[in-house]
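Below you'll find the structure, written out as structure tokens, and then a few comments.
Lettering of chains follows the sequences in order, A, B, ..., and the numbering in each one begins at 1. Everything quoted here is computed from the prediction, not taken from an experiment.
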Amino acid sequence: QKEVEQNSGPLSVPEGAIASLNCTYSDRVSQSFFWYRQYSGKSPELIMSIYSNGDKEDGRFTAQLNKASQYVSLLIRDSQPSDSATYLCAVNKGNNRLAFGKGNQVVVIP
Amino acid sequence: EAGVAQSPRYKIIEKRQSVAFWCNPISGHATLYWYQQILGQGPKLLIQFQNNGVVDDSQLPKDRFSAERLKGVDSTLKIQPAKLEDSAVYLCASSFGVSSTEQFFGPGTRLTVL
């Protein structure tokens with residue numbers, strides 16, 4: 001079983017719509033979770049971190065965490081063409097060692 | 001504030017050759033990470049340093065990969081000898097410490113092994 005799984009294929013959304021990304025993790029003791037955005041040919045940049053069950057909102061981004069189900073999600077509201085990128089889910093394995101999923105590509109269609 | 005610096009940005013080598021990558025973290029960041037990102041996959045942590053000590057190198061293929069951070073600032077990652085499957089982007093990242101703080105990534109070095 002992979003430490004972090006992101007199984008959805010490329011996601012195409014119309015401009016202004018909501019993009020929804022999901023991630024599951026295997027280690028129940030994980031305490032902190034992150035979403036990174038990676039533009040093609042660029043390095044990852046942190047967009048959201050979440051540590052407690054529930055929702056965390058930051059601008060157009062909302063992260064959701066359910067530790068009982070070992071599930072993290074990211075919602076992007078009012079999607080813009082500039083949101084077109086690969087979104088990486090990451091889990092802290094302790095001592096800030098991150099395990100990443102393979103990523104989900106999002107394409108926002110104008 | 002200057003970001004994480006890496007060099008070279010691109011490298012092409014033949015299999016069985018050696019290669020070295022350099023990273024200079026953000027000033028004041030005690031923790032430094034090397035990741036390998038193969039095309040279509042997420043980054044995989046190879047090694048983590050806290051100052052000049054190794055915190056975790058469990059995923060570093062030690063028969064061919066080595067890394068050092070002698071003075072607790074910049075770091076080098078070496079591959080000797082390289083294999084075709086080492087073709088990837090090598091990302092360096094740094095953070096203030098080992099608590100749950102943001103990791104800042106450098107631009108990466110794209111390695112192609114022919």
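Contact check for B/Phe105 versus A/Leu46: no side-chain heavy atoms found under the 4.5 Å cut-off. Side-chain contact check for A/Glu45 versus B/Phe104: every heavy-atom pair is 4.5 Å or farther apart. A heavy-atom distance below 4.5 Å is not found between the side chains of B/Leu45 and A/Phe100.
When the side chains of ILVMFWY residues are joined at heavy-atom separations under 4.5 Å, either directly or via intervening members, A/Leu98 and A/Tyr87 end up in two distinct hydrophobic clusters. Both B/Tyr90 and B/Ile47 belong to a common hydrophobic cluster when Ile, Leu, Val, Met, Phe, Trp and Tyr are linked at side-chain heavy-atom distances under 4.5 angstrom. Transitive grouping of hydrophobic side chains (ILVMFWY, heavy atoms separated by less than 4.5 Å) brings A/Val72 and A/Leu11 into a common cluster.
Exactly one residue among B/Asp56, B/Val55, B/Thr31 makes a side chain to side chain contact (heavy atoms under 4.5 Å, CB included) with A/Asn95. That residue is B/Val55.
Chain A forms more heavy-atom pairs under 4.5 Å with one residue of B/Lys44, B/Arg110, B/Gln37 than with any other, namely B/Gln37. Counting heavy-atom pairs closer than 4.5 Å to chain B, the top residue among A/Gln38, A/Gln105, A/Gln31, A/Lys42 is A/Gln38.
Contacts of B/Gln41 with chain A are made by backbone atoms alone, with heavy-atom separations under 4.5 Å and no side-chain atom involved. Both the backbone and the side chain of B/Gln103 come within contact range of chain A, judged by heavy atoms closer than 4.5 Å.
Within a 6.0 Å sphere centred on OH of B/Tyr10, other residues, nucleotides and ligands contribute 12 heavy atoms or fewer. Applying the 6.0 Å contact sphere to NZ of B/Lys11 captures no more than 12 heavy atoms from other residues, nucleotides or ligands. Heavy atoms from other residues, nucleotides or ligands lying under 6.0 Å from NZ of B/Lys71 number 12 at most. For B/Leu39, the CG atom is loosely surrounded, since the number of other residues' heavy atoms within 6.0 Å does not exceed 12. Other residues, nucleotides and ligands contribute over 12 non-hydrogen atoms within 6.0 Å of the CD atom of A/Glu15.
Across A/Leu88 and B/Pro43, no two heavy atoms sit closer than the pair CD1-CD, 3.9 Å. What you find for B/Ser95 and A/Asn96 is that their closest heavy atoms are OG-ND2, 3.6 Å.
Side chain of A/Ser43 to main chain of B/Gly106: a donor-acceptor pair is present (N/O by atom type, distance under 3.5 Å, no hydrogens or angles).
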